[in-house]
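Each residue takes its place number in the sequence, starting with 1. These numbers were taken from a predicted model, which means no experiment stands behind them.
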Amino acid sequence: MTPRERELADRLIRDRRLRAEEYEELLAERDAETAEYLAAAAVAERKKYYGTKVFVRGLIEISNICKNDCLYCGIRRSNRNCERYRLSAEEILACADEGVRLGMRTVVLQGGEDPYYTDDVVCGIVRGIKEKHPDCAVTLSLGERSRESYRRLREAGADRYLLRHETADAEHYHMLHPAEMSYDNRMRCLRDLRELGYQTGCGFMVGSPHQTMRHLAEDLAFIESFRPEMCGIGPFVPHHETPFAGEPAGSVELTCFLLSVIRLICPRVLLPATTALGTMHPRGRELGILAGANVVMPNLSPVDVRKQYELYDNKICTGEESAQCIRCLSARIAEIGYEIVTDRGDYAAE
Ligand code: 5AD
Ligand code: FES
């Protein structure tokens, strides 16, 4: 760690912010010693609000049908070799029941932008889960929708919404998405979600094609100003049926470094150690927790469709039953001295 790196690290720890050029410098000049220094500070910050608790969110992948064509994503509409599925309301409710039976108090409904899930359909599912499990938080991750749609889903009882911004640089955004998608609409969605009272999550991939340290610095500056309650980051992992098939995967080390930096910018943020991180390294999720993450997301999808929700190659946890996934994660978390907790794990109050 050079004296300059030390100065930037200390200022980040103290002020919870740096200027965009300084984030870029911190990232570009990082070494193992800086990473350790920031991870220790991140762990200390997290401890103030959450102790050694790691929150569990049961992930239900409701559909791999998608009207979008994101260049990085394995379930993009142009992928003709993807066997499509969608879960019915009854199947989704059964997964949620199973999650609750296994101790989960948050379920995340995630899917491609599948037109089948109209507001009426999703509102019915959300109400169904809430009626049966009033103490359970419902998180939606269903992509871009209208403000009116987000309003109705919120009214039906949805508590949280995850919509990764993917990159805070408009030009980079357009290198990752087809022309009909726009950076401005993505940002509009995030603002609407926030204003409608959702606990809101943004996030991005680390090492996505064309990404530079300057882009990552912009992501950090965006997070600093947006102040999300949740933030999902994981390494980019190529999928063989996409235009980015031949691109290199993102780095586990840089992902962990960024988890520490994000924890220091937003000390109370709910930060998952993602499945993509677990895919790129056998102990990826443990490394994420040790860098400052505090959420894990065991898969609750029906085992017979899991392989089909293939956003990227070699995704882990596609053969395990829900109970197995939870048991496996609990053991991994315990082994590194943390404890899985099953309360709702809402954003900590001031
Ligand atoms: N590698 C890693 N993450 C991906 N996602 C989509 N495709 C990939 C990929 N190839 C992430 C996106 C999306 C989230 C649901 O999954 O960031 O927002
Ligand atoms: Fe569907 Fe990206 S192509 S989420």
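- R160 and T106 are linked by a side-chain donor-acceptor pair at a separation below 3.5 angstrom, with hydrogens and angles left out of the test.
- Remark: D120 engages R152 in a salt bridge (Lys or Arg N to Asp or Glu O under 4.0 Å) (not counting sequence neighbours).
- Here H281 pairs with nothing under the ring-ring contact (aromatic ring centres under 6.0 Å, His included) rule; sequence neighbours left out.
- Side-chain rings of Y183 and H177 stay apart, their centers remaining 6.0 Å or farther from each other.
- In this structure, a donor-acceptor pair under 3.5 Å is absent between the side chains of E218 and Y23.
- A salt bridge links R344 to D346: at least one charged side-chain nitrogen sits closer than 4.0 Å to a carboxylate oxygen.
- Note on residues 24-41: pairs passing salt bridge (charged side-chain N to carboxylate O under 4.0 Å, His left out), not counting sequence neighbours, are R4-E25, R30-E253.
- In this view, R263 satisfies the salt bridge (Lys or Arg N to Asp or Glu O under 4.0 Å) rule with no residue, not counting sequence neighbours.
- Every residue two or more places apart in sequence or in another chain was checked for a salt bridge (Lys or Arg N to Asp or Glu O under 4.0 Å) with R327, and none qualifies.
- Both cation-pi conditions hold for R154 and Y198: the charged atom is under 6.0 angstrom from the six-membered ring centre and inside a 45 degree cone around its axis.
- Pairs engaging residues 204-225 under the ring-ring contact (aromatic ring centres under 6.0 Å, His included) rule: H165-F204, H165-F222, H172-H215, F222-F226 [sequence neighbours left out].
- Other residues, nucleotides and ligands contribute over 12 non-hydrogen atoms within 6.0 Å of the CD atom of E180.
- Taking 4.0 Å as the cut-off between side-chain N and carboxylate O, E166 and R164 do not count as a salt-bridged pair.
- Transitive grouping of hydrophobic side chains (ILVMFWY, heavy atoms separated by less than 4.5 Å) keeps M187 and M175 in distinct clusters.
- With sequence neighbours left out, the ring-ring contact (aromatic ring centres under 6.0 Å, His included) criterion links H133 to no other residue.
- Side-chain contacts under 4.5 Å among hydrophobic residues (ILVMFWY), followed directly or transitively, place L270 together with Y49, Y50, F55, L59, V108, L162, M230, V295, M297, V341, Y347.
- Side chain of T274 to backbone of I233: a donor-acceptor contact under 3.5 angstrom is found.
- Among residues two or more places apart in sequence or in another chain, the side-chain contact (heavy atoms from CB on, under 4.5 Å) test is passed with R84 by N64, I65, I75, N79, C82.
- In terms of heavy atoms, C231 sits closest to L271 at O-CD1, 3.2 Å.
- Judged by distance alone, with hydrogens and angles left aside, the side-chain atoms of D69 form a donor-acceptor pair with the main-chain N or O of S78 at under 3.5 Å.
- Qualifying side-chain hydrogen bond (donor to acceptor under 3.5 Å, both in side chains) partners for R11, counting only residues two or more places apart in sequence or in other chains: E7, E22.
- Within the structure, the salt bridge (charged side-chain N to carboxylate O under 4.0 Å, His left out) test picks out the following pairs touching residues 227-248 (sequence neighbours left out): R194-E229.
- Residue pairs meeting the salt bridge (charged side-chain N to carboxylate O under 4.0 Å, His left out) criterion with at least one member in residues 299-324, sequence neighbours excluded: E61-K315.
- In this structure, Y161 has its ring center under 6.0 Å from that of Y150.
- Counting only distance, with no hydrogens or angles, the side chain of R46 and the backbone of A293 share a donor-acceptor pair below 3.5 Å.
- For the 3.5 Å distance criterion, the side chains of N314 and T279 fail to qualify, holding no donor opposite an acceptor.
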